[in-house]
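Here is the structure we will look at, set down as structure tokens.
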Protein chains: 2
Amino acid sequence: MGIEGNGTTATSERNTGHVLERLTDRFGDRMSTNPTVRQQHSSQLTWLASQPPDAVVFPESTEEVSEIVRICETGRVPVIAFGAGSSFEGHVNAPFGGVSIDLSRMKNILAINAEDLDCVVQAGITRNELNEHLRDTGLFFPIDPGADASLGGMAATRASGTNAVRYGTMRENVIAVTAVMPNGEIVRTARRARKSSAGYDLTRLLVGSEGTLGVMTELSLRLSPIPEAIAAAACPFPSVGSACDAVIATIQSAIPVARVELLDEVTVKAVNRYSGLDLVETPLLLLEFHGTPEGVKEQSRRFGEIAEEFGGGPIAWADKQEDRTMLWKARHDAYWACVQLRPNARPIPTDVCVPISRLAECVEATKVEIQRLGLIAPIVGHVGDGNFHVQPLVDMTNPCEIETVRRFVGDMVERAISMDGTCTGEHGVGQEKVKYLRLEHGDATLSLMQLIKRAVDPNNIMNPGKMLEITR
Amino acid sequence: MGIEGNGTTATSERNTGHVLERLTDRFGDRMSTNPTVRQQHSSQLTWLASQPPDAVVFPESTEEVSEIVRICETGRVPVIAFGAGSSFEGHVNAPFGGVSIDLSRMKNILAINAEDLDCVVQAGITRNELNEHLRDTGLFFPIDPGADASLGGMAATRASGTNAVRYGTMRENVIAVTAVMPNGEIVRTARRARKSSAGYDLTRLLVGSEGTLGVMTELSLRLSPIPEAIAAAACPFPSVGSACDAVIATIQSAIPVARVELLDEVTVKAVNRYSGLDLVETPLLLLEFHGTPEGVKEQSRRFGEIAEEFGGGPIAWADKQEDRTMLWKARHDAYWACVQLRPNARPIPTDVCVPISRLAECVEATKVEIQRLGLIAPIVGHVGDGNFHVQPLVDMTNPCEIETVRRFVGDMVERAISMDGTCTGEHGVGQEKVKYLRLEHGDATLSLMQLIKRAVDPNNIMNPGKMLEITR
């Protein structure tokens with residue numbers, strides 16, 4: 001069998017035309033080859049070139065996804081799952097062509113089990129849509145990556161976000177998934193019990209697999225009780241290091257902080273300007289505490305003492321709902337606020353994650369590089385997890401600058417890995433970070449990943465060109 | 001290549017004698033074929049027949065484990081990892097012979113990273129040994145399955161126990177593992193960052209794999225701060241149903257209960273007699289609350305209100321350390337207390353797990369069966385997880401009774417699965433529960449597990465006969 005160097009089936013063996021015909025016959029106007037639709041289904045949010053698929057299909061059930069995959073499989077045509085398109089690392093691009101499976105018509109909530117604190121949803125629903133539905137149950141789905149991503153996409157990239165320090169990531173909050181495998185078979189990875197020791201953890205194998213093993217179509221998710229009381233706060237610190245030290249002490253003291261976000265002074269300036277706030281323009285922690293009214297008061301008081309010990313303050317408390325909303329809206333708008341720092345430039349968001357004890361050092365070293373290279377690159381971090389984001393603003397008409405930023409990102413990844421960290425804490429590998437996996441994992445571990453990929457998807461039709469180099 | 005029906009390499013192809021010679025040459029007196037030693041390295045705690053390995057080797061490093069596996073692999077000789085031997089489902093038996101790798105000389109603590117709340121240990125250390133070492137750090141490793149199991153064994157069976165409702169299971173608390181794969185390669189599944197989206201979650205693939213994919217030799221583990229204040233309580237309820245309803249309401253109210261154990265009246269009687277207590281002999285919840293002094297008071301008060309609402313009480317509080325110790329010692333001794341209920345009989349501990357909303361129904365139906373069959377079979381449950389244990393006491397000289405209990409366990413498993421539960425919440429599959437995996441997972445999912453096993457361990461040398469039927 002002829003295989004190209006990139007591991008995808010040679011184009012000669014493929015029969016894309018025939019596959020598209022069969023999909024049109026079967027799905028009618030729920031199948032599109034319209035150039036605009038195809039373009040919308042490629043990656044739009046990164047510096048990676050947009051690589052549209054050959055066609056987009058809009059299934060409405062797991063069985064229809066299975067049909068699509070079976071049809072694609074007969075022609076060895078790549079299959080790319082598409083949720084909300086909000087990923088940063090080129091996950092939905094089609095570098096080898098193929099069929100984009102758009103799950104946006106699969107938004108049904110199949111069950112809400114309030115007593116069990118779980119629900120079962122189709123993978124196309126977004127987190128805000130789910131939380132809107134849950135409003136009257138007293139429960140919510142806590143994972144909040146900022147964007148209103150689809151839950152299938154969040155599972156595929158093992159997303160997390162501001163709440164992860166308290167509530168975990170998609171890894172901890174997906175109980176089971178239904179997925180269509182490359183042969184069209186439908187697997188459900190686990191039952192709804194909270195825990196199980198019955199067999200391999202296929203749930204966790206699929207969560208974070210970026211569509212390279214199968215297409216997730218349904219998810220059983222953990223829900224959390226909406227906290228009775230919430231308090232938020234903004235606390236300036238003299239340095240990134242003192243802010244990180246305060247967070248370490250907070251976590252060691254078992255204060256169950258629900259969010260703890262670091263904004264560097266560049267981001268604070270941008271946020272002040274964009275959202276009309278007057279936060280102190282030094283490294284800043286934005287925090288949130290969840291609990292009973294008494295519990296939240298106690299957490300707040302104890303954090304205040306710790307912050308003072310590390311030179312932080314004065315703390316601006318946001319007890320009222322509207323102040324809290326304003327604060328977190330400002331945090332979530334940080335992306336757009338930062339974009340304004342350099343009009344006409346493109347933001348290149350990227351993330352790494354290190355053990356929290358190394359976070360300050362890693363952020364500071366990154367800031368030194370930013371200064372040395374003359375970049376505009378604001379930093380925000382989910383400090384409780386050791387995870388931070390850098391968002392260089394790049395003039396995409398300047399190849400030299402692009403190259404500089406590419407090297408800057410590479411250096412940052414190497415720095416994180418050298419500190420026992422990872423090349424991505426929550427964005428995923430996608431296309432751009434494939435090259436760092438060997439450095440991070442080593443030959444033997446990477447080979448094991450490739451072995452699993454080849455066993456499950458021998459023809460490499462599942463999102464080829466993402467996450468793993470597949471050569472044979 | 002000749003393969004037997006059970007999927008292990010045909011004995012004719014094996015060269016056990018040569019492998020044992022090479023192991024003796026290499027490991028000298030750290031390799032034993034002594035019948036007593038071999039016997040000690042088979043399963044001792046279940047009704048399953050003891051099946052000793054051909055030899056036992058005592059490595060002292062990951063590299064030595066790799067050497068052993070490579071030597072065994074050349075002769076297609078099975079490899080069985082051995083921790084503390086405390087598993088219930090025959091995990092350490094050697095049904096096809098082979099070499100037991102005893103990790104008890106691998107107890108080193110390689111790193112304690114207090115700021116990161118993690119540590120790195122060799123897999124042979126037990127949880128009590130680790131917690132002893134951690135005592136002065138203010139941190140502890142929370143997973144507590146009762147037995148002083150090795151951490152490698154706990155990872156292999158995805159163990160959990162009384163603390164899981166608050167702290168999670170081994171799935172949530174293992175950050176990374178180092179494992180020796182069937183070809184002798186050493187993989188480290190992840191770096192030490194709290195979260196990562198960089199590739200397949202090999203950590204979770206190995207956790208719970210029961211030694212069928214590789215031998216875990218080192219673990220990076222999450223640690224938790226020792227709570228400032230702890231309160232424990234015993235609260236009787238009129239029925240299993242009302243106890244479960246109180247737990248559901250407690251969890252929905254976001255009370256972060258640290259332990260919540262159900263003892264049925266049979267177990268309470270046994271515990272009273274064995275530990276000299278005077279607990280009310282009805283279904284009973286044993287609880288523990290962790291937090292600040294204020295927080296624990298508030299949790300306790302709120303739980304008290306909920307318990308009353310569901311007819312529970314009066315609550316016996318154990319605020320003093322010695323009372324708490326007595327209470328939890330009694331809970332941990334429940335196994336031995338129950339054994340006393342029928343001298344000369346053998347306990348057959350087994351577990352299932354269901355969504356918590358179905359727990360009362362599942363336990364009640366099980367108790368009806370126990371009564372109908374005239375069994376003595378106490379029940380204890382980790383109610384917050386929907387997980388419960390039944391411990392039938394069986395006269396092993398009576399084949400008819402053995403058969404009755406076997407059918408009883410089978411029916412209980414089917415009941416749990418029909419309630420969207422699992423055949424084992426924390427004991428693992430081992431030998432006895434292999435037959436339930438198809439019912440629980442279905443053909444497609446089971447085939448995917450088998451596909452992964454075959455890809456990773458093509459000669460089926462890793463703990464053959466456990467977890468999955470492997471036929472070709």
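Each chain gets a letter, A, B and so on, in the order the sequences are listed, and its residues count up from 1.
Chosen from A:Ser357, A:Ala455, A:Ala176, the residue pairing most often with chain B at heavy-atom distances under 4.5 Å is A:Ser357. Interface remark: of the candidates B:Ala444, B:Ala198, B:Ala159, B:Ala198 forms the most heavy-atom pairs closer than 4.5 Å to chain A. Per-residue heavy-atom pair counts under 4.5 Å with chain B were compared for A:Gly208, A:Cys353, A:Gly168, and the maximum is reached by A:Cys353. With respect to chain B, the highest number of heavy-atom pairs below 4.5 Å among A:Arg194, A:Met170, A:Gln252, A:Glu185 belongs to A:Gln252. Per-residue heavy-atom pair counts under 4.5 Å with chain B were compared for A:Lys433, A:Lys453, A:His382, A:Met449, and the maximum is reached by A:Met449. Across A:Ile452, A:Ile186, A:Asn387, A:Thr169, the residue that shares the most heavy-atom pairs under 4.5 angstrom with chain B is A:Asn387. The candidate with the highest count of non-hydrogen atom pairs below 4.5 Å against chain B, out of A:Ile175, A:Leu205, A:Leu202, A:Thr157, is A:Leu202.
With 3.5 Å as the limit, one finds a donor-acceptor pair spanning the side chains of A:Glu426 and A:Ser160.
Heavy-atom distances place the backbone of B:Val354, and not its side chain, under 4.5 Å from chain A. Heavy atoms of B:Ser196 lying under 4.5 Å from chain A belong to its backbone as well as its side chain. Contact annotation for B:Ile255: neither backbone nor side-chain heavy atoms come within less than 4.5 Å of a heavy atom of chain A. In this structure, chain A has a heavy atom under 4.5 Å from the side chain of B:Met181, while its backbone stays farther away. There is no contact between B:Leu359 and chain A, counting heavy-atom distances below 4.5 Å. For chain A, the nearby part of B:Glu210 is the side chain; its heavy atoms alone come within less than 4.5 Å. With a 4.5 Å cut-off on non-hydrogen atoms, B:Glu298 touches chain A through its side chain but not through its backbone. Heavy atoms closer than 4.5 Å to chain A are found nowhere in B:His290, neither backbone nor side chain. For chain A, the nearby part of B:Thr189 is the backbone; its heavy atoms alone come within less than 4.5 Å. Looking at B:Glu440, the atoms closer than 4.5 Å to chain A (heavy atoms on both sides) sit in the backbone and in the side chain alike. Looking at B:Ser447, there are no atoms closer than 4.5 Å to chain A (heavy atoms on both sides), in backbone or side chain. Contact annotation for B:Ala416: neither backbone nor side-chain heavy atoms come within less than 4.5 Å of a heavy atom of chain A. For B:Leu437, the part lying near chain A is the side chain, with the backbone staying farther off; criterion is any non-hydrogen pair under 4.5 Å.
Between B:Lys297 and B:Glu294 a salt bridge is recorded (basic side-chain N to carboxylate O distance below 4.0 Å). Salt bridge annotation for A:Lys195-B:Glu172: absent, with no cationic side-chain nitrogen under 4.0 angstrom from a carboxylate oxygen. The pair A:Arg302-A:Glu305 does not meet the salt-bridge criterion, since no charged nitrogen lies less than 4.0 angstrom from a carboxylate oxygen. Under a 4.0 Å N-O distance rule, the pair A:Asp420/B:Arg192 qualifies as a salt bridge.
Contact record, B:Gly184 with B:Ser66: O-OG, 2.7 Å, taken as the closest heavy-atom pair.
At least one donor-acceptor pair under 3.5 Å links the side chain of A:Asp116 to the backbone N or O of B:Ile356.
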